[in-house]
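Read the structure below first, then the notes.
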Amino acid sequence: MIRVLFVCLGNICRSPLAHGVLRHAIEQRGLGEDLAVDSCGTSAYHNGGGSDPGSVTVARQHGIDISDLISRRLTAADYRNFDLLVAMDRQNERDILERQPGNTEPHIVRFMDFVEGAGSPDVPDPYYGGAGGFQVVYELIEAGMDPLIDFALTLHSSPS
Ligand code: 4NP
């Protein structure tokens, strides 16, 4: 079982959308014994709250329900409890690496590494933009998810 954790800043826009898309793929493809997924933020700005309506809406437009997801902050335990930490942008990746406890060795990657022909290293933050930003984020997540799944399935779970 490979455990995947998507990490953005607020855990209300980008990482919950990625969480929902992967959860849906796991259900659709019967991968429940191979992959598990969660998401979190490097900040606690929205701790305990639901996802941004923009993400909930764009997910629903594609048949995916993320209305149950609750924002939480990245913890030290996440570095042991997950095999693959996926940063949605470079700042998220820097924060993840900076806070990494010793003696933990999850794989740490950026989501855009899995998007072929990606023009940017970052999944753009739609928080301050209009509704169109959420569709852009959804399309990037769709584009990168199958390569990410293929990569995750090549990993071997760390003992913990
Ligand atoms: P996210 O977007 O990191 O994709 O969830 C943001 C959500 C909230 C804030 C910034 C980005 N904020 O500053 O509150």
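Read the numbers this way: they start at 1 and go in the same order the structure lists the ligands and their atoms.
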* Atom indices of ligand 1 within 4.0 angstrom of D125 heavy atoms, with elements ->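 Checking each atom against D125, I get 2 (O), 6 (C), 10 (C), 11 (C).
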
* Show which atoms of ligand 1 fall inside a sub-4.0 Å distance from at least one heavy-atom site of I12. =>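 Answer for ligand 1: 5 (O), 7 (C), 8 (C).
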
Would you check if the side chain of [X] reaches a backbone N or O of [Y] as a donor-acceptor pair within less than 3.5 Å?
X: S43; Y: L9; result: yes
X: T154; Y: F151; result: yes
X: S55; Y: C13; result: yes
X: D122; Y: P124; result: no
X: R72; Y: G41; result: no
X: R3; Y: D38; result: no

* Is the Y138 ring parallel, tilted or perpendicular to the H62 ring (thresholds 30°, 60°)? ->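 Y138 and H62: parallel rings.
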
Taking heavy atoms and a distance under 4.0 Å, where does [X] meet ligand 1: side chain, backbone, both or neither?
X: L9; result: both
X: H46; result: side chain
X: N11; result: backbone
X: Y128; result: side chain

Any nitrogen or oxygen of [X], main chain or side chain, under 3.5 Å from a nitrogen or oxygen of ligand 1?
X: C13; answer: yes
X: G10; answer: yes
X: Y45; answer: no

* To do: Just need the protein heavy atom nearest to atom 1 (P) of ligand 1, so name the residue and atom and give the distance.
  =>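 Sorting protein heavy atoms by distance from atom 1 (P) of ligand 1 puts C8 SG, 3.5 Å first.
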
* Nearest-contact summary for atom 4 (O) of ligand 1 - protein heavy atom, Å ->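 For atom 4 (O) of ligand 1, the nearest protein heavy atom comes out as R14 NE, 2.7 Å.
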
* **Minimum non-hydrogen distance to atom 9 (C) of ligand 1, winning option of F6, Y127, F134** =>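 Shortest heavy-atom distance from atom 9 (C) of ligand 1: Y127.
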
* To do: Classify the side-chain pair N47/S71 by whether it contains a donor and acceptor separated by less than 3.5 Å.
  =>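 Judged by distance alone, the side chains do not pair up.
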
